[in-house]
Amino acid sequence: MTTLSPGSILIGTTDPVKLRDWYRNTLAPEQEGEGPIDFGGFHLVIDQRDDVAAKNGEPGRMILNFHVDDFDAAEARLRAAGVEWLTAVADRPAGRFGTFLDPDGNYLQIVQFKQDT
């Protein structure tokens with residue numbers, strides 16, 4: 001059987017220009033254009049949808065995680081961008097987590113897992 005490997009995720013929105021600009025400016029300022037945003041081979045596609053509300057009514061159903069090597073630098077970058085934090089940054093047994101929101105109310109996290117020692 002072929003192993004399935006996730007390669008992209010589509011986020012549906014009522015305002016794709018606004019949401020795409022937010023993602024590019026906040027998380028990938030080096031990327032330009034209208035197409036998918038490339039996060040190291042994993043692509044984020046933002047698309048106009050008529051079957052979604054302007055705000056996500058159940059944002060906890062799916063959380064988009066961004067794994068980082070330098071949590072403090074990632075947190076500082078997001079704070080400088082003015083993201084809305086859902087929860088305070090937390091040290092947990094598995095690592096450090098910080099949960100924030102995009103303009104549509106979707107949950108995103110920065111995660112730095114602890115290395116096995």
Side-chain angles (χ1 to χ4, degrees):
M1 179 176 183
T2 301
T3 301
L4 301 177
S5 178
S8 66
I9 189 166
L10 183 142
I11 297 179
T13 181
T14 59
D15 192 345
V17 172
K18 176 182 170 187
L19 195 60
R20 188 180 304 109
D21 286 348
W22 183 89
Y23 273 90
R24 286 193 194 285
N25 292 333
T26 305
L27 301 174
E30 68 285 354
Q31 294 190 37
E32 299 177 2
E34 297 296 315
I37 302 168
D38 184 356
F39 292 101
F42 183 85
H43 293 88
L44 177 64
V45 179
I46 298 171
D47 194 30
Q48 171 80 39
R49 300 284 301 195
D50 295 330
D51 57 348
V52 299
K55 289 286 184 183
N56 187 342
E58 293 184 314
R61 285 187 176 265
M62 190 278 309
I63 299 174
L64 184 56
N65 290 328
F66 290 88
H67 297 196
V68 298
D69 295 327
D70 184 342
F71 192 95
D72 293 329
E75 178 187 9
R77 177 174 161 180
L78 293 171
R79 288 195 186 284
V83 302
E84 180 182 348
W85 293 91
L86 178 68
T87 60
V89 169
D91 289 310
R92 299 181 188 161
R96 295 181 78 190
F97 295 77
T99 308
F100 58 103
L101 290 81
D102 74 12
D104 282 7
N106 298 305
Y107 293 171
L108 303 98
Q109 286 187 129
I110 52 172
V111 179
Q112 185 173 19
F113 287 113
K114 291 182 180 175
Q115 299 296 318
D116 293 336
T117 56

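Since the structure is predicted, the reported quantities are computational estimates derived from the model, not experimental observations.
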Tyr107 with Leu10, same ILVMFWY side-chain cluster at under 4.5 Å: no
- prompt: Among the clusters formed by ILVMFWY side chains lying less than 4.5 Å apart, do Phe66 and Ile11 turn up in the same one?
  reply: yes
message: As a quick check of understanding, evaluate side-chain contact (heavy atoms from CB on, under 4.5 Å) for Leu19 and Val17, giving each step before the final call.
response: CA-CA 6 Å; Leu19 195 60; Val17 172; over 6 Å; no
field: Over 12 non-hydrogen atoms of neighbours within 6.0 angstrom of CG in Asp69
entry: no
- request: Heavy atoms only: give me the nearest Trp85-Leu101 pair and the separation to one decimal.
  value: C-CD1, 4.3 Å
All side-chain contact (heavy atoms from CB on, under 4.5 Å) counterparts of Arg92, not counting sequence neighbours: Ala90, Phe97, Gln109
With a cut-off of 3.5 Å and sequence neighbours excluded, list every side-chain donor-acceptor pair involving residues 37-47.
unit_1, atom_1, unit_2, atom_2, d
Asp38, OD1, Gly40, N, 3.2
Asp38, OD1, Gly41, N, 2.6

field: Note, Glu84 side chain near Phe100 side chain (heavy atom, < 4.5 Å)
entry: no
message: Would you say Phe113 ends up clustered with Val89 if hydrophobic residues are merged whenever their side chains have heavy atoms under 4.5 Å apart, either directly or through other cluster members?
response: no
- prompt: After noting the C-alpha distance and the side-chain angles of Glu75 and Arg96, does the key distance pass the side-chain contact (heavy atoms from CB on, under 4.5 Å) rule?
  reply: CA-CA 11 Å; Glu75 178 187 9; Arg96 295 181 78 190; 4.2 Å; yes
- line: Residue set satisfying ring-ring contact (aromatic ring centres under 6.0 Å, His included) with Tyr23, at least two apart, ordered chain then number -> none
- request: Please list, chain by chain and in numerical order, all residues satisfying side-chain contact (heavy atoms from CB on, under 4.5 Å) with Gln112, sequence neighbours excluded.
  value: Val68, Phe71
Compile the donor-acceptor pairs under 3.5 Å between side chains in residues 52-61 and protein atoms, sequence neighbours left out, one pair per line.
unit_1, atom_1, unit_2, atom_2, d
Lys55, NZ, Pro103, O, 2.4
Asn56, OD1, Glu58, N, 2.9
Asn56, ND2, Asn106, OD1, 2.7
Glu58, OE1, Arg61, NE, 2.5
Glu58, OE1, Arg61, NH2, 3.3

- prompt: Are Ile9 and Leu108 co-members of a hydrophobic cluster defined by side-chain heavy atoms under 4.5 Å apart?
  reply: yes
statement: Shortest non-hydrogen pair, Pro16 vs Gln48, comes out as CD-OE1, 3.1 Å
query: For the atom pair CZ (Arg77) and CG (Asp70), what is the distance rounded to the nearest 0.5 Å?
result: 11.5 Å
- line: Quick note, side chain to side chain donor-acceptor pair (under 3.5 Å) partners involving residues 10-19, not counting sequence neighbours, are Thr13-Asp104
Common cluster, Leu27/Leu64, ILVMFWY with side-chain heavy-atom separation under 4.5 Å: yes
message: Looking at Asp50, I want to see if its CG is surrounded by more than 12 non-hydrogen atoms of other residues, nucleotides or ligands under 6.0 Å.
response: no
query: Charged N to carboxylate O under 4.0 angstrom, Arg20 versus Glu34?
result: yes
